[in-house]
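Accompanying notes for the structure given below.
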Amino acid sequence: MNSHITSLKINLESVDFNLNYFKAKLQKSTKLLVVVKAFGYGSDAIIIAKHLQNKVDYFAVAYTQEGVALRTAGIKTPILVLHPQVENLELLVTHQLEPNLYSHRILDAFIALAKSKNLIDYPIHLKFNTGLNRLGFLSSELPKITSKLKSNTSVIVNSIFSHLAASEDKNESDYSLQQIDAFKKIATDFENHFGFRPTLHMCNTSGILNYPQAHFDMVRLGIGLYGFANEKEKTDALKNVISLHSCISQIHAINIGDSVGYNRGCIANKQMKIATIPIGHADGISRSLGNGNGFVHINNQKTFIVGNVCMDMIMVDVTDIKCNEGDEVIIFDNQETVERLAKNSDTISYELLTAISQRIKRNVTS
Ligand SMILES: *Cc1c(COP(=O)(O)O)cnc(C)c1O
């Protein structure tokens with residue numbers, strides 16, 4: 001049956017498969033946090049979180065409002081907010097979200113808020129910078145952190161964590177191992193200062209696969225859940241979760257010398273049949289995929305984008321494809337195509353997936 005609107009399909013059986021694939025890489029006692037930031041890597045954070053809420057220990061989002069959306073949808077699982085921002089801390093507490101506190105500015109703001117609200121043992125997480133140089137305290141700041149938190153009863157440090165800069169890159173393994181050692185030292189110092197050991201975590205998807213010695217007490221699974229592992233052989237072991245489908249709105253027969261699309265991006269050098277598809281750069285199809293760089297599949301045949309990508313539409317060459325208006329168009333339904341489209345638009349799977357616009361309807365399939 002043809003679907004007459006562009007839609008993104010989420011395969012929850014593939015989600016389960018990928019989850020179990022990564023669980024099998026962990027020790028039994030290692031906890032699993034699933035990252036659902038950026039609308040679940042462009043899928044649907046609420047659909048993913050509802051499906052996984054009883055199968056994982058934690059969710060993480062980037063920003064506070066993303067966590068609020070999950071709470072509003074009824075998700076009760078602990079949610080770590082990786083980049084909560086001072087302005088949103090009150091909202092964060094209202095929705096029982098757990099902040100990553102990564103600098104003295106935000107730590108002080110949170111302590112002040114916790115005191116003013118008479119909070120007791122509110123769970124917080126401290127991030128340490130071991131070399132990514134993005135967010136996080138330096139190890140040398142531990143004594144100052146201790147002085148602020150040790151006798152503080154309004155908050156409790158649930159976890160300390162760090163993030164690898166190049167976990168997918170074997171050529172940078174020395175750097176990753178250095179980061180792992182630095183984090184181990186921070187964990188030991190923390191325990192010496194505070195007298196207890198919080199949950200420790202460091203690994204993202206590629207960290208889970210490449211640095212089993214750094215799983216610590218919990219891992220943070222992101223892109224892997226959605227079927228990608230930054231390396232072909234590893235991605236091949238996973239199942240595809242996200243597929244993007246559309247349909248043919250109209251077919252034009254054009255003659256030699258006729259042009260297609262804005263700025264006459266394509267000028268026909270033969271008689272052609274051109275199909276218009278209702279998905280454009282506002283939907284996440286980068287303009288760099290225009291003029292033969294991007295492609296779709298129609299009736300099991302591959303064909304390329306002609307001319308420029310418009311805001312709401314693309315045109316593709318169907319001269320040699322038997323097809324009709326209303327026929328299904330597959331933008332991608334496997335990881336290899338996503339990787340290829342990402343490569344052809346000079347980006348990575350993460351960006352291609354998260355760019356898929358919210359105006360495209362999400363559906364669950366199996
Ligand atoms: C996004 C993110 C992750 C997940 O990374 P993947 O490579 O998608 O697995 C883990 N930790 C932090 C801090 C992140 O920002």
Query raised in the report: What pairs with Ala282 under side-chain contact (heavy atoms from CB on, under 4.5 Å), at least two apart in sequence or on another chain?
Result: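 For Ala282, the residues satisfying side-chain contact (heavy atoms from CB on, under 4.5 Å) (neighbours in sequence not counted) are Met311, Asp312, Arg359.
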
**Report entry** Lys185: partners by side-chain contact (heavy atoms from CB on, under 4.5 Å), with sequence neighbours left out
**Finding:**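 Partners of Lys185 under the side-chain contact (heavy atoms from CB on, under 4.5 Å) test: Asp189.
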
Query raised in the report: What do you reckon, are the aromatic ring centroids of His163 and Phe128 less than 6.0 Å apart?
Result: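 Ring centroids of His163 and Phe128 are no less than 6.0 Å from each other.
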
Report task. Report yes or no: does Arg71 contribute a side-chain atom to a donor-acceptor pair with the main-chain N or O of His95 at less than 3.5 Å? Result ->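 Yes, Arg71 side chain to His95 backbone: donor-acceptor pair under 3.5 Å.
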
Please indicate whether [X] has more than 12 foreign heavy atoms, meaning atoms of other residues, nucleotides or ligands, lying under 6.0 Å from its [atom1].
| X | atom1 | result |
| --- | --- | --- |
| Lys50 | NZ | no |
| Asp121 | CG | yes |
| Glu336 | CD | no |

Report task. Locate the shortest heavy-atom distance separating Leu289 from Leu341; write the atom from each residue and the value. Result ->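 Nearest heavy atoms, Leu289 then Leu341: CD2-O, 3.6 Å.
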
Requested in this report: Check whether any side-chain heavy atom of His125 lies under 4.5 Å from a side-chain heavy atom of Val157, and answer yes or no.
Outcome: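 No, side chains not in contact.
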
Query raised in the report: Can you find a pair of side-chain heavy atoms, one from Phe228 and one from Glu339, that are under 4.5 Å apart?
Result: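 The answer is yes; the side chains approach within 4.5 Å.
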
Taking only distance into account, with no hydrogens and no angle test, what donor-acceptor pairs under 3.5 Å do side-chain atoms of residues 208-216 form with protein atoms, sequence neighbours excluded?
unit_1 : atom_1 : unit_2 : atom_2 : d
Asn210 : OD1    : Lys234 : NZ     : 2.6
Asn210 : ND2    : Ser167 : O      : 2.8
Asn210 : ND2    : Ser206 : O      : 3.4
His215 : NE2    : Ile208 : O      : 2.9

**Report entry** Results of ring pair (Phe, Tyr, Trp, His ring centres under 6.0 Å) for Tyr63 - residues two or more places apart only
**Finding:**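 Ring pair (Phe, Tyr, Trp, His ring centres under 6.0 Å) list for Tyr63, sorted by chain: His83.
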
Query raised in the report: Which pairs, with at least one residue in residues 20-51 and sequence neighbours excluded, count as a ring-ring contact (aromatic ring centres under 6.0 Å, His included)?
Result: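 ring-ring contact (aromatic ring centres under 6.0 Å, His included) check on residues 20-51 returns Tyr41-Tyr226.
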
**Report entry** Residues that Gln271 engages under side-chain hydrogen bond (donor to acceptor under 3.5 Å, both in side chains), provided they are two or more places apart
**Finding:**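 If we apply the side-chain hydrogen bond (donor to acceptor under 3.5 Å, both in side chains) test to Gln271, skipping adjacent residues, the hits are Asn255.
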
